[in-house]
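It should be emphasised that the depicted structure is a prediction, and the values quoted were computed from it without experimental measurement. Labels below follow one simple rule: chain letters A, B, ... track the order of the sequence lines, proteins then strands, and each chain is numbered from 1. Note that these values count all heavy atoms, side chains included, but never hydrogens, waters or copies made by symmetry.
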Protein chains: 2
Amino acid sequence: MSQASFSTRERILGVAEALFARHGFAGASLRQVTAGAKVNLAAVNYHFGSKEGLIEEVFRRRLDELNRERLAALAALAARSDITLEAVLDAFIRPALQQSLQAHGGGAFVRVLARAYAEHDERLRRFLSENYGHVLREFAIVFLRLLPNLDKDELYWRLDIIAGAVTYAMADFGIIKRRSAISEDAHRRQAVTHLIAFAAAGLRA
Amino acid sequence: MSQASFSTRERILGVAEALFARHGFAGASLRQVTAGAKVNLAAVNYHFGSKEGLIEEVFRRRLDELNRERLAALAALAARSDITLEAVLDAFIRPALQQSLQAHGGGAFVRVLARAYAEHDERLRRFLSENYGHVLREFAIVFLRLLPNLDKDELYWRLDIIAGAVTYAMADFGIIKRRSAISEDAHRRQAVTHLIAFAAAGLRA
DNA sequence: CATGCTCTCAAACGATCGTTTGAATGGTAG
DNA sequence: CTACCATTCAAACGATCGTTTGAGAGCATG
(Lines give C-alpha, C1' and ligand atoms only; values in the text may rest on other atoms or scores of the structure.)
Protein backbone atom coordinates (compact mmCIF):
# COMPACT_ATOMS: atom_id res chain seq x y z
CA MET A 1 0.00 0.00 0.00
CA SER A 2 1.65 3.21 -1.14
CA GLN A 3 1.77 6.41 0.83
CA ALA A 4 -0.61 8.09 -1.58
CA SER A 5 -3.14 5.31 -1.16
CA PHE A 6 -2.90 5.49 2.61
CA SER A 7 -3.42 9.18 2.50
CA THR A 8 -6.47 8.83 0.29
CA ARG A 9 -8.00 6.17 2.53
CA GLU A 10 -7.42 8.20 5.67
CA ARG A 11 -8.70 11.41 4.18
CA ILE A 12 -11.89 9.66 3.07
CA LEU A 13 -12.40 8.12 6.51
CA GLY A 14 -11.85 11.42 8.26
CA VAL A 15 -14.21 13.40 6.10
CA ALA A 16 -16.80 10.62 6.11
CA GLU A 17 -16.73 10.51 9.90
CA ALA A 18 -17.32 14.24 10.12
CA LEU A 19 -20.12 14.21 7.56
CA PHE A 20 -21.82 11.15 9.06
CA ALA A 21 -21.77 12.92 12.42
CA ARG A 22 -23.35 16.02 10.94
CA HIS A 23 -25.83 14.65 8.42
CA GLY A 24 -26.25 10.97 9.20
CA PHE A 25 -25.40 7.96 7.08
CA ALA A 26 -28.19 8.40 4.58
CA GLY A 27 -27.90 12.17 4.69
CA ALA A 28 -24.23 12.39 3.74
CA SER A 29 -23.52 11.51 0.12
CA LEU A 30 -20.36 10.01 -1.32
CA ARG A 31 -20.03 13.08 -3.48
CA GLN A 32 -19.88 15.26 -0.39
CA VAL A 33 -17.33 12.92 1.15
CA THR A 34 -15.05 12.72 -1.86
CA ALA A 35 -15.31 16.44 -2.52
CA GLY A 36 -14.35 17.19 1.09
CA ALA A 37 -11.46 14.75 0.95
CA LYS A 38 -10.38 16.10 -2.45
CA VAL A 39 -10.37 12.66 -4.00
CA ASN A 40 -12.15 11.18 -6.96
CA LEU A 41 -15.71 9.95 -6.51
CA ALA A 42 -14.79 6.40 -7.50
CA ALA A 43 -12.14 6.20 -4.77
CA VAL A 44 -14.72 5.20 -2.16
CA ASN A 45 -15.89 2.16 -4.10
CA TYR A 46 -12.31 1.29 -4.95
CA HIS A 47 -11.03 1.37 -1.37
CA PHE A 48 -14.11 0.28 0.56
CA GLY A 49 -16.22 -1.59 -1.97
CA SER A 50 -19.40 0.32 -1.21
CA LYS A 51 -20.86 3.05 0.96
CA GLU A 52 -21.73 0.52 3.63
CA GLY A 53 -18.16 -0.75 3.55
CA LEU A 54 -17.04 2.80 4.22
CA ILE A 55 -19.47 3.13 7.13
CA GLU A 56 -18.23 -0.08 8.72
CA GLU A 57 -14.62 0.99 8.37
CA VAL A 58 -15.38 4.32 10.04
CA PHE A 59 -16.66 2.34 13.02
CA ARG A 60 -13.98 -0.29 13.05
CA ARG A 61 -11.14 2.18 13.05
CA ARG A 62 -12.32 3.91 16.24
CA LEU A 63 -14.10 1.10 18.05
CA ASP A 64 -11.14 -1.24 17.93
CA GLU A 65 -9.03 1.40 19.62
CA LEU A 66 -11.74 2.39 22.10
CA ASN A 67 -12.43 -1.18 23.15
CA ARG A 68 -8.75 -1.92 23.53
CA GLU A 69 -8.25 1.11 25.76
CA ARG A 70 -11.27 0.32 27.90
CA LEU A 71 -10.23 -3.26 28.45
CA ALA A 72 -6.65 -2.16 29.15
CA ALA A 73 -7.89 0.33 31.74
CA LEU A 74 -10.02 -2.39 33.28
CA ALA A 75 -7.13 -4.87 33.32
CA ALA A 76 -4.86 -2.30 34.97
CA LEU A 77 -7.55 -1.90 37.58
CA ALA A 78 -7.90 -5.61 38.21
CA ALA A 79 -4.28 -5.75 39.36
CA ARG A 80 -5.09 -3.50 42.28
CA SER A 81 -6.86 -4.75 45.37
CA ASP A 82 -8.70 -1.57 46.27
CA ILE A 83 -11.01 -1.25 43.30
CA THR A 84 -13.77 1.32 43.65
CA LEU A 85 -16.95 1.67 41.66
CA GLU A 86 -15.85 5.08 40.50
CA ALA A 87 -12.57 3.65 39.22
CA VAL A 88 -14.34 1.06 37.10
CA LEU A 89 -16.71 3.64 35.71
CA ASP A 90 -13.71 5.82 34.98
CA ALA A 91 -12.12 2.98 33.04
CA PHE A 92 -15.28 2.73 30.97
CA ILE A 93 -15.98 6.39 30.37
CA ARG A 94 -12.57 8.05 30.20
CA PRO A 95 -11.33 6.32 27.03
CA ALA A 96 -14.38 7.68 25.25
CA LEU A 97 -13.48 11.14 26.50
CA GLN A 98 -9.86 10.77 25.46
CA GLN A 99 -10.90 9.73 22.01
CA SER A 100 -13.33 12.60 21.71
CA LEU A 101 -10.51 14.99 22.55
CA GLN A 102 -8.23 13.70 19.81
CA ALA A 103 -6.76 16.28 17.52
CA HIS A 104 -8.50 15.84 14.20
CA GLY A 105 -12.28 15.74 14.43
CA GLY A 106 -12.17 14.30 17.92
CA GLY A 107 -15.78 14.70 18.86
CA ALA A 108 -17.05 13.52 15.50
CA PHE A 109 -16.95 9.81 16.15
CA VAL A 110 -18.86 10.03 19.41
CA ARG A 111 -21.63 11.70 17.48
CA VAL A 112 -21.48 9.02 14.83
CA LEU A 113 -21.78 6.49 17.63
CA ALA A 114 -24.83 8.25 19.00
CA ARG A 115 -26.36 8.07 15.54
CA ALA A 116 -25.62 4.39 15.36
CA TYR A 117 -27.67 3.86 18.51
CA ALA A 118 -30.56 5.52 16.76
CA GLU A 119 -30.16 3.44 13.62
CA HIS A 120 -32.31 0.40 13.38
CA ASP A 121 -30.38 -1.22 10.57
CA GLU A 122 -29.88 -4.84 11.55
CA ARG A 123 -26.45 -5.24 10.00
CA LEU A 124 -25.06 -2.16 11.69
CA ARG A 125 -26.65 -3.11 15.01
CA ARG A 126 -25.09 -6.54 14.90
CA PHE A 127 -21.69 -5.10 14.06
CA LEU A 128 -21.83 -2.72 17.03
CA SER A 129 -23.26 -5.30 19.39
CA GLU A 130 -20.38 -7.66 18.68
CA ASN A 131 -17.80 -5.03 19.56
CA TYR A 132 -19.47 -2.97 22.22
CA GLY A 133 -21.42 -5.81 23.81
CA HIS A 134 -18.23 -7.73 24.52
CA VAL A 135 -16.67 -4.86 26.42
CA LEU A 136 -19.87 -4.36 28.36
CA ARG A 137 -19.88 -7.98 29.45
CA GLU A 138 -16.29 -7.72 30.68
CA PHE A 139 -17.20 -4.71 32.75
CA ALA A 140 -20.34 -6.39 34.03
CA ILE A 141 -18.24 -9.11 35.66
CA VAL A 142 -16.31 -6.53 37.66
CA PHE A 143 -19.42 -4.57 38.52
CA LEU A 144 -21.10 -7.70 39.82
CA ARG A 145 -18.15 -8.34 42.11
CA LEU A 146 -18.32 -4.80 43.49
CA LEU A 147 -22.09 -4.88 43.88
CA PRO A 148 -22.93 -8.29 45.34
CA ASN A 149 -26.46 -7.27 46.27
CA LEU A 150 -27.30 -6.40 42.67
CA ASP A 151 -28.62 -9.24 40.55
CA LYS A 152 -27.42 -9.66 37.01
CA ASP A 153 -30.56 -8.52 35.22
CA GLU A 154 -30.80 -5.41 37.32
CA LEU A 155 -27.15 -4.58 36.65
CA TYR A 156 -27.62 -4.96 32.92
CA TRP A 157 -30.57 -2.63 33.05
CA ARG A 158 -28.52 0.02 34.75
CA LEU A 159 -25.44 -0.47 32.57
CA ASP A 160 -27.69 -0.11 29.58
CA ILE A 161 -28.93 3.21 30.87
CA ILE A 162 -25.40 4.34 31.67
CA ALA A 163 -24.11 3.42 28.21
CA GLY A 164 -26.89 5.44 26.62
CA ALA A 165 -26.35 8.37 28.95
CA VAL A 166 -22.60 8.32 28.34
CA THR A 167 -22.99 8.32 24.60
CA TYR A 168 -25.61 10.98 24.77
CA ALA A 169 -23.63 13.26 27.03
CA MET A 170 -20.34 12.74 25.23
CA ALA A 171 -21.97 13.56 21.95
CA ASP A 172 -23.05 16.84 23.46
CA PHE A 173 -26.53 16.39 22.16
CA GLY A 174 -28.13 17.86 25.24
CA ILE A 175 -31.03 20.20 25.06
CA ILE A 176 -29.41 22.62 27.43
CA LYS A 177 -26.74 24.28 25.39
CA ARG A 178 -23.38 24.48 27.04
CA ARG A 179 -22.33 27.92 28.04
CA SER A 180 -20.36 29.44 25.23
CA ALA A 181 -17.76 30.67 27.72
CA ILE A 182 -16.30 27.23 28.26
CA SER A 183 -14.66 25.27 25.48
CA GLU A 184 -15.96 22.04 24.07
CA ASP A 185 -13.11 20.12 25.68
CA ALA A 186 -13.78 21.55 29.11
CA HIS A 187 -17.42 20.73 28.58
CA ARG A 188 -16.59 17.08 27.99
CA ARG A 189 -14.25 16.88 30.97
CA GLN A 190 -16.99 18.18 33.23
CA ALA A 191 -19.42 15.72 31.69
CA VAL A 192 -17.19 12.79 32.59
CA THR A 193 -16.91 13.88 36.21
CA HIS A 194 -20.66 14.26 36.45
CA LEU A 195 -21.37 11.03 34.64
CA ILE A 196 -19.15 9.03 36.95
CA ALA A 197 -20.74 10.43 40.09
CA PHE A 198 -24.19 10.03 38.61
CA ALA A 199 -23.61 6.48 37.45
CA ALA A 200 -21.98 5.41 40.71
CA ALA A 201 -24.92 6.71 42.70
CA GLY A 202 -27.32 5.00 40.36
CA LEU A 203 -25.52 1.68 40.61
CA ARG A 204 -25.33 1.82 44.41
CA ALA A 205 -29.01 2.69 44.82
CA MET B 1 -61.61 19.73 6.40
CA SER B 2 -63.51 16.67 5.23
CA GLN B 3 -63.38 13.25 6.81
CA ALA B 4 -61.49 11.86 3.84
CA SER B 5 -58.88 14.60 4.11
CA PHE B 6 -58.47 14.05 7.83
CA SER B 7 -58.04 10.39 7.23
CA THR B 8 -55.42 10.99 4.58
CA ARG B 9 -53.49 13.39 6.79
CA GLU B 10 -53.55 11.04 9.75
CA ARG B 11 -52.57 8.02 7.72
CA ILE B 12 -49.62 9.90 6.27
CA LEU B 13 -48.50 11.07 9.72
CA GLY B 14 -48.78 7.58 11.18
CA VAL B 15 -46.84 5.87 8.43
CA ALA B 16 -44.25 8.67 8.31
CA GLU B 17 -43.67 8.36 12.06
CA ALA B 18 -43.10 4.63 11.78
CA LEU B 19 -40.77 4.96 8.80
CA PHE B 20 -38.81 7.86 10.29
CA ALA B 21 -38.31 5.74 13.40
CA ARG B 22 -37.05 2.83 11.37
CA HIS B 23 -35.01 4.48 8.62
CA GLY B 24 -34.42 8.06 9.71
CA PHE B 25 -35.59 11.28 8.11
CA ALA B 26 -33.27 11.12 5.14
CA GLY B 27 -33.59 7.36 4.89
CA ALA B 28 -37.37 7.24 4.55
CA SER B 29 -38.68 8.48 1.22
CA LEU B 30 -42.02 10.12 0.51
CA ARG B 31 -42.74 7.29 -1.89
CA GLN B 32 -42.38 4.78 0.93
CA VAL B 33 -44.61 6.92 3.13
CA THR B 34 -47.37 7.43 0.58
CA ALA B 35 -47.26 3.81 -0.51
CA GLY B 36 -47.60 2.66 3.10
CA ALA B 37 -50.46 5.07 3.72
CA LYS B 38 -52.11 4.10 0.44
CA VAL B 39 -52.36 7.69 -0.72
CA ASN B 40 -51.08 9.49 -3.77
CA LEU B 41 -47.48 10.69 -3.78
CA ALA B 42 -48.53 14.32 -4.21
CA ALA B 43 -50.67 14.19 -1.05
CA VAL B 44 -47.67 14.94 1.16
CA ASN B 45 -46.81 18.16 -0.61
CA TYR B 46 -50.48 19.08 -0.75
CA HIS B 47 -51.14 18.62 2.97
CA PHE B 48 -47.77 19.52 4.48
CA GLY B 49 -46.09 21.65 1.82
CA SER B 50 -42.85 19.70 1.83
CA LYS B 51 -41.07 16.77 3.41
CA GLU B 52 -39.73 19.01 6.14
CA GLY B 53 -43.24 20.25 6.81
CA LEU B 54 -44.28 16.64 7.28
CA ILE B 55 -41.39 16.02 9.68
CA GLU B 56 -42.31 19.03 11.79
CA GLU B 57 -45.94 17.96 11.95
CA VAL B 58 -44.94 14.48 13.10
CA PHE B 59 -43.15 16.13 16.01
CA ARG B 60 -45.76 18.74 16.79
CA ARG B 61 -48.59 16.23 17.02
CA ARG B 62 -46.90 14.17 19.74
CA LEU B 63 -44.81 16.78 21.52
CA ASP B 64 -47.73 19.09 22.18
CA GLU B 65 -49.53 16.26 23.90
CA LEU B 66 -46.44 15.01 25.74
CA ASN B 67 -45.55 18.44 27.06
CA ARG B 68 -49.11 19.10 28.13
CA GLU B 69 -49.24 15.84 30.08
CA ARG B 70 -45.89 16.40 31.73
CA LEU B 71 -46.81 19.89 32.87
CA ALA B 72 -50.22 18.66 34.04
CA ALA B 73 -48.58 15.92 36.08
CA LEU B 74 -46.19 18.47 37.55
CA ALA B 75 -49.02 20.87 38.35
CA ALA B 76 -51.00 18.10 40.05
CA LEU B 77 -47.92 17.45 42.12
CA ALA B 78 -47.44 21.07 43.10
CA ALA B 79 -50.80 21.03 44.84
CA ARG B 80 -49.53 18.48 47.32
CA SER B 81 -47.24 19.36 50.18
CA ASP B 82 -45.30 16.11 50.38
CA ILE B 83 -43.52 16.19 47.05
CA THR B 84 -40.77 13.61 46.65
CA LEU B 85 -37.98 13.54 44.12
CA GLU B 86 -39.29 10.27 42.75
CA ALA B 87 -42.73 11.78 42.22
CA VAL B 88 -41.32 14.65 40.17
CA LEU B 89 -39.24 12.27 38.09
CA ASP B 90 -42.34 10.16 37.63
CA ALA B 91 -44.21 13.19 36.32
CA PHE B 92 -41.45 13.70 33.81
CA ILE B 93 -40.89 10.16 32.67
CA ARG B 94 -44.28 8.47 32.90
CA PRO B 95 -46.03 10.55 30.21
CA ALA B 96 -43.35 9.44 27.78
CA LEU B 97 -44.04 5.85 28.76
CA GLN B 98 -47.80 6.29 28.41
CA GLN B 99 -47.34 7.74 24.96
CA SER B 100 -45.04 4.95 23.94
CA LEU B 101 -47.71 2.44 24.96
CA GLN B 102 -50.40 4.02 22.83
CA ALA B 103 -52.28 1.69 20.57
CA HIS B 104 -51.12 2.52 17.06
CA GLY B 105 -47.35 2.59 16.68
CA GLY B 106 -46.85 3.64 20.26
CA GLY B 107 -43.11 3.20 20.53
CA ALA B 108 -42.43 4.76 17.16
CA PHE B 109 -42.39 8.39 18.20
CA VAL B 110 -39.98 7.83 21.07
CA ARG B 111 -37.58 6.40 18.53
CA VAL B 112 -38.16 9.36 16.26
CA LEU B 113 -37.37 11.58 19.21
CA ALA B 114 -34.13 9.72 19.85
CA ARG B 115 -33.21 10.27 16.21
CA ALA B 116 -33.95 13.94 16.55
CA TYR B 117 -31.43 14.17 19.38
CA ALA B 118 -28.84 12.74 17.05
CA GLU B 119 -29.72 15.14 14.24
CA HIS B 120 -27.64 18.23 13.98
CA ASP B 121 -30.02 20.10 11.73
CA GLU B 122 -30.31 23.57 13.14
CA ARG B 123 -33.97 24.10 12.26
CA LEU B 124 -35.06 20.84 13.81
CA ARG B 125 -32.92 21.45 16.90
CA ARG B 126 -34.46 24.86 17.42
CA PHE B 127 -37.96 23.48 17.04
CA LEU B 128 -37.31 20.78 19.64
CA SER B 129 -35.49 23.11 22.01
CA GLU B 130 -38.45 25.48 22.07
CA ASN B 131 -40.83 22.73 23.11
CA TYR B 132 -38.71 20.43 25.19
CA GLY B 133 -36.54 23.10 26.74
CA HIS B 134 -39.55 24.88 28.18
CA VAL B 135 -40.78 21.79 29.99
CA LEU B 136 -37.30 21.11 31.29
CA ARG B 137 -37.11 24.59 32.78
CA GLU B 138 -40.43 24.13 34.56
CA PHE B 139 -39.20 20.92 36.09
CA ALA B 140 -35.87 22.47 37.01
CA ILE B 141 -37.67 24.95 39.28
CA VAL B 142 -39.24 22.14 41.28
CA PHE B 143 -36.04 20.13 41.37
CA LEU B 144 -34.14 23.11 42.73
CA ARG B 145 -36.67 23.44 45.54
CA LEU B 146 -36.27 19.76 46.43
CA LEU B 147 -32.49 19.84 46.19
CA PRO B 148 -31.41 23.06 47.87
CA ASN B 149 -27.78 21.95 48.07
CA LEU B 150 -27.55 21.54 44.33
CA ASP B 151 -26.57 24.60 42.38
CA LYS B 152 -28.36 25.45 39.17
CA ASP B 153 -25.59 24.57 36.75
CA GLU B 154 -25.02 21.22 38.37
CA LEU B 155 -28.73 20.44 38.26
CA TYR B 156 -28.91 21.28 34.57
CA TRP B 157 -26.00 18.97 33.91
CA ARG B 158 -27.76 16.12 35.61
CA LEU B 159 -31.16 16.82 34.07
CA ASP B 160 -29.46 16.83 30.71
CA ILE B 161 -28.04 13.40 31.39
CA ILE B 162 -31.39 12.15 32.65
CA ALA B 163 -33.25 13.44 29.61
CA GLY B 164 -30.81 11.66 27.35
CA ALA B 165 -30.92 8.45 29.36
CA VAL B 166 -34.71 8.51 29.37
CA THR B 167 -34.93 8.99 25.65
CA TYR B 168 -32.42 6.27 24.91
CA ALA B 169 -33.95 3.82 27.32
CA MET B 170 -37.49 4.49 26.19
CA ALA B 171 -36.48 4.11 22.60
CA ASP B 172 -35.16 0.71 23.49
CA PHE B 173 -31.93 1.42 21.75
CA GLY B 174 -29.84 -0.31 24.34
CA ILE B 175 -27.04 -2.59 23.43
CA ILE B 176 -28.28 -5.32 25.69
CA LYS B 177 -31.27 -6.78 23.96
CA ARG B 178 -34.30 -7.24 26.10
CA ARG B 179 -35.17 -10.82 26.86
CA SER B 180 -37.60 -12.07 24.28
CA ALA B 181 -39.70 -13.63 27.04
CA ILE B 182 -41.10 -10.31 28.19
CA SER B 183 -43.16 -8.07 25.96
CA GLU B 184 -42.10 -4.67 24.75
CA ASP B 185 -44.62 -3.00 27.03
CA ALA B 186 -43.37 -4.81 30.10
CA HIS B 187 -39.87 -3.86 29.07
CA ARG B 188 -40.79 -0.20 29.03
CA ARG B 189 -42.56 -0.36 32.38
CA GLN B 190 -39.49 -1.89 33.95
CA ALA B 191 -37.35 0.76 32.32
CA VAL B 192 -39.37 3.54 33.90
CA THR B 193 -39.05 2.04 37.37
CA HIS B 194 -35.32 1.69 36.96
CA LEU B 195 -34.91 5.10 35.41
CA ILE B 196 -36.70 6.81 38.27
CA ALA B 197 -34.63 5.07 40.93
CA PHE B 198 -31.45 5.67 38.94
CA ALA B 199 -32.19 9.32 38.32
CA ALA B 200 -33.23 9.99 41.91
CA ALA B 201 -30.01 8.49 43.21
CA GLY B 202 -28.01 10.49 40.71
CA LEU B 203 -29.71 13.73 41.66
CA ARG B 204 -29.25 13.15 45.38
CA ALA B 205 -25.55 12.27 45.04
C1' DC C 1 12.79 -0.64 -22.14
C1' DA C 2 9.03 -3.57 -21.13
C1' DT C 3 5.75 -5.59 -17.97
C1' DG C 4 2.58 -5.68 -14.32
C1' DC C 5 0.25 -3.68 -10.56
C1' DT C 6 -1.92 -0.06 -7.76
C1' DC C 7 -4.30 3.83 -7.91
C1' DT C 8 -6.71 7.92 -9.94
C1' DC C 9 -9.62 10.03 -13.12
C1' DA C 10 -13.70 11.82 -16.07
C1' DA C 11 -17.81 10.19 -17.63
C1' DA C 12 -21.77 7.84 -17.71
C1' DC C 13 -25.20 4.26 -15.87
C1' DG C 14 -29.93 3.38 -14.11
C1' DA C 15 -32.42 4.24 -9.99
C1' DT C 16 -34.54 7.07 -6.85
C1' DC C 17 -35.13 11.41 -4.74
C1' DG C 18 -38.53 15.71 -3.56
C1' DT C 19 -41.43 18.46 -6.06
C1' DT C 20 -44.65 20.32 -9.61
C1' DT C 21 -48.27 20.20 -12.91
C1' DG C 22 -52.82 19.96 -14.81
C1' DA C 23 -56.63 17.29 -15.28
C1' DA C 24 -60.25 14.44 -12.98
C1' DT C 25 -63.16 13.62 -8.97
C1' DG C 26 -66.65 14.41 -5.55
C1' DG C 27 -69.23 16.77 -2.33
C1' DT C 28 -71.40 21.45 -1.03
C1' DA C 29 -73.51 25.95 -1.41
C1' DG C 30 -76.10 29.23 -4.17
C1' DC D 1 -78.52 22.35 -12.25
C1' DT D 2 -74.52 25.05 -11.86
C1' DA D 3 -70.47 26.83 -9.92
C1' DC D 4 -67.11 26.32 -6.66
C1' DC D 5 -63.75 24.40 -3.71
C1' DA D 6 -61.06 20.85 -1.58
C1' DT D 7 -58.94 16.76 -2.64
C1' DT D 8 -56.95 12.99 -5.38
C1' DC D 9 -54.64 11.27 -9.22
C1' DA D 10 -51.16 9.86 -13.01
C1' DA D 11 -47.36 11.67 -15.05
C1' DA D 12 -43.43 14.02 -15.55
C1' DC D 13 -39.72 17.42 -13.94
C1' DG D 14 -34.73 18.19 -12.90
C1' DA D 15 -31.57 16.91 -9.38
C1' DT D 16 -28.96 13.77 -6.95
C1' DC D 17 -28.04 9.25 -5.46
C1' DG D 18 -24.55 4.86 -5.33
C1' DT D 19 -22.13 2.39 -8.51
C1' DT D 20 -19.60 0.97 -12.77
C1' DT D 21 -16.61 1.53 -16.60
C1' DG D 22 -12.46 1.94 -19.23
C1' DA D 23 -8.69 4.62 -20.05
C1' DG D 24 -4.49 6.36 -18.30
C1' DA D 25 -1.00 7.85 -14.83
C1' DG D 26 2.71 6.56 -11.69
C1' DC D 27 5.93 3.41 -10.06
C1' DA D 28 8.38 -0.84 -9.16
C1' DT D 29 10.33 -5.14 -10.68
C1' DG D 30 12.34 -8.07 -14.20
Task: A:Glu69 side chain vs A:Leu66 backbone, donor-acceptor pair below 3.5 Å - done: no
- [ ] With the side chain counted from C-beta on, respond yes when A:Leu89 and A:Phe143 share a heavy-atom pair under 4.5 Å apart, and no when they do not.
- [x] yes
Task: Test item: B:Arg70 side-chain N/O and B:Leu136 main-chain N/O as donor-acceptor pair under 3.5 Å - done: no
Task: Side-chain N or O of B:His47 closer than 4.0 Å to phosphate OP1/OP2 of D:dA6 - done: no
Open item on the list: Rounded to whole Å, please give me the gap between CD1 in A:Ile12 and P in C:dC9.
Closed with: 10 Å
Open item on the list: Looking at A:Asp151, is its backbone amide N or carbonyl O close enough to the side chain of A:Glu154 to form a donor-acceptor pair, meaning the two atoms are under 3.5 Å apart?
Closed with: no
Task: Distance in angstrom units between B:Glu10 CD and D:dT7 C1', rounded - done: 16 Å
Task: Nucleotide C:dA24, atom P - distance to OH of B:Tyr46 in whole Å - done: 18 Å
- [ ] Starting from C1' on C:dT8, measure out to CZ on A:Arg11 and report it in whole angstrom.
- [x] 12 Å
Open item on the list: Just to verify, what does A:Glu86 make a side chain to side chain donor-acceptor pair (under 3.5 Å) with, not counting sequence neighbours?
Closed with: A:Arg204
- [ ] Examine distances only and state if a side-chain atom of B:Arg115 and a backbone atom of B:Ala21 form a donor-acceptor pair shorter than 3.5 Å.
- [x] yes
TODO: Sugar-phosphate means primed atoms, P, OP1 and OP2; the rest is base. With that split, encode nucleotides 14-21 of chain D 5' to 3' as B, S or - using protein heavy atoms under 4.0 Å.
DONE: ---BBBBB
